2 protein chains.
Amino acid sequence: MPRAGLSPAALVDVALEELDAGGGPLSIGAIAARAGVKPPSIYKHVAGLAELEALVGARIYDDLGHELEAATAGLERADAARAFLHAYRAFAVRHPERYRALPVHPLGHPLLEAAGERVLGIAARAVDGLSGDDAIHALRALRAAAHGFATLEAAGGFGLATDVDASFDRLVDRLVAP
Amino acid sequence: MPRAGLSPAALVDVALEELDAGGGPLSIGAIAARAGVKPPSIYKHVAGLAELEALVGARIYDDLGHELEAATAGLERADAARAFLHAYRAFAVRHPERYRALPVHPLGHPLLEAAGERVLGIAARAVDGLSGDDAIHALRALRAAAHGFATLEAAGGFGLATDVDASFDRLVDRLVAP
DNA sequence: CAGCGATGGCTAATGCGATTAGCCTGAGCG
DNA sequence: CGCTCAGGCTAATCGCATTAGCCATCGCTG
């Protein structure tokens with residue numbers, strides 16, 4: 001039995017392929033098959049499905065964070081907020097399965113906390129300049145709108161033909177209006 | 001073996017109790033136990049867990065629809081939109097487990113379509129008066145914001161102490177601004 | 001009132017997915 | 001060359017959903 005060259009990170013790669021291939025939620029069996037290995041072997045690298053899901057979530061948050069970072073770099077205030085929102089939605093549209101696999105509430109989970117906080121930090125920077133509670137309110141509005149739109153779109157929730165980009169632009173305009 | 005007086009509707013009642021009691025996703029075993037019956041007996045009333053989940057979703061959409069209906073009755077335009085948003089969020093806050101159990105995309109599922117469309121129809125009435133695409137854009141913004149905020153809040157996603165009501169009011173103001 | 005079919009319980013069995021136990025091999029190091 | 005052990009594997013266990021097949025009860029009917 002040749003070694004398969006697995007590792008936690010490699011398994012996350014495989015799991016992402018599996019996610020992208022559709023077919024619903026992750027399963028040990030499906031990941032093992034895609035990795036060319038029998039299910040029990042997975043446990044030599046991760047503690048179980050829950051841990052693997054968490055690692056996958058962390059990876060996705062990381063990727064999302066990098067894109068948000070790149071999109072908002074050097075921008076401030078309304079510009080940063082706009083860029084954040086567009087990059088956030090773009091990620092969800094480009095990777096709907098991955099977006100759906102993200103836990104809504106990463107904070108509090110040891111494996112997800114870091115990546116989740118990074119994303120939140122980028123959002124926080126986009127509402128910089130506002131003082132105290134105003135920043136909190138703006139941040140929450142940003143998160144709610146971004147997450148709500150992304151979720152609905154990633155779930156195929158916008159049935160009509162009307163241009164979804166335009167709808168999003170309108171929403172963004174509302175949110176970042178002076 | 002005395003009869004337990006079950007029916008699809010009664011099972012939905014039981015499932016809602018189970019949901020409200022926390023403890024994660026529905027399971028046939030838990031529902032059977034709460035109904036005072038062995039698991040296989042459930043299948044005399046519903047086709048399986050998937051159907052029961054759909055019936056539960058339909059019931060929740062129905063309840064939500066009634067509350068939205070009541071809250072928006074007789075109102076128009078911005079007033080209706082405000083009332084819709086507040087009632088929507090209030091439902092999610094009052095029944096976080098139920099809100100989490102709602103499928104994001106009810107349309108297309110035979111058992112959920114009707115109730116889902118009713119809710120959507122109420123939202124549509126709240127953006128009445130806008131013409132064509134404008135109404136669609138406004139409707140999508142309403143859904144995205146309401147769903148995003150409700151989801152985050154029902155998931156315990158707003159950690160800070162800052163008043164969440166105030167955050168929501170700000171968001172609503174942004175959305176229904178003239 | 002006995003008889004009867006449908007209804008709605010139950011127990012036992014199946015199947016699938018996650019997980020665990022325990023074996024075995026071969027790669028890398030002394 | 002031989003040892004160790006990481007990393008495969010097979011076989012077994014467990015927890016659920018689901019199915020098969022049995023039987024009591026209910027409501028009706030002759």
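No hydrogens, no waters, no symmetry mates; every other heavy atom, side chains included, goes into these values. Residue numbers start from 1 in every chain, and the chains themselves are labelled A, B, ... in the order their sequence lines are given, proteins ahead of strands. Everything quoted here is computed from the prediction, not taken from an experiment.
One N or O on the side chain of Thr151(A) and one on the backbone of His147(A) form a donor-acceptor pair closer than 3.5 Å.
With salt bridges taken as basic N to acidic carboxylate O contacts below 4.0 Å, none links Arg140(B) and Glu153(A).
Phe149(A) and Phe158(A) have their aromatic ring centers within a separation under 6.0 angstrom. Taking the centre of each ring, Tyr99(A) and Tyr88(A) come in below the 6.0 Å mark.
Following rounding to the nearest Å, Leu11(B) (CG) and dG8(C) (P) show an atom-to-atom distance of 11 Å. One can place CD1 of Ile28(A) at 6 Å from P of dA18(C), the figure rounded to the nearest angstrom. To the nearest angstrom, P of dT20(C) lies 12 Å from CG of Leu49(A).
The hydrophobic cluster containing Val93(B) does not contain Leu19(B), counting ILVMFWY residues as joined when their side-chain heavy atoms lie under 4.5 angstrom apart, directly or transitively.
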Grab the N/O contacts between the protein and nucleotides 9-12 of chain C below 3.5 Å, and write none if there aren't any.
residue: dG9(C); atom: OP1; partner: Ala4(B); partner atom: N; Å: 3.2
residue: dG9(C); atom: OP2; partner: His45(B); partner atom: NE2; Å: 2.9
residue: dG9(C); atom: O6; partner: Lys44(B); partner atom: NZ; Å: 3.0
residue: dC10(C); atom: OP2; partner: Lys38(B); partner atom: N; Å: 2.8
residue: dC10(C); atom: OP2; partner: Ser41(B); partner atom: OG; Å: 2.7

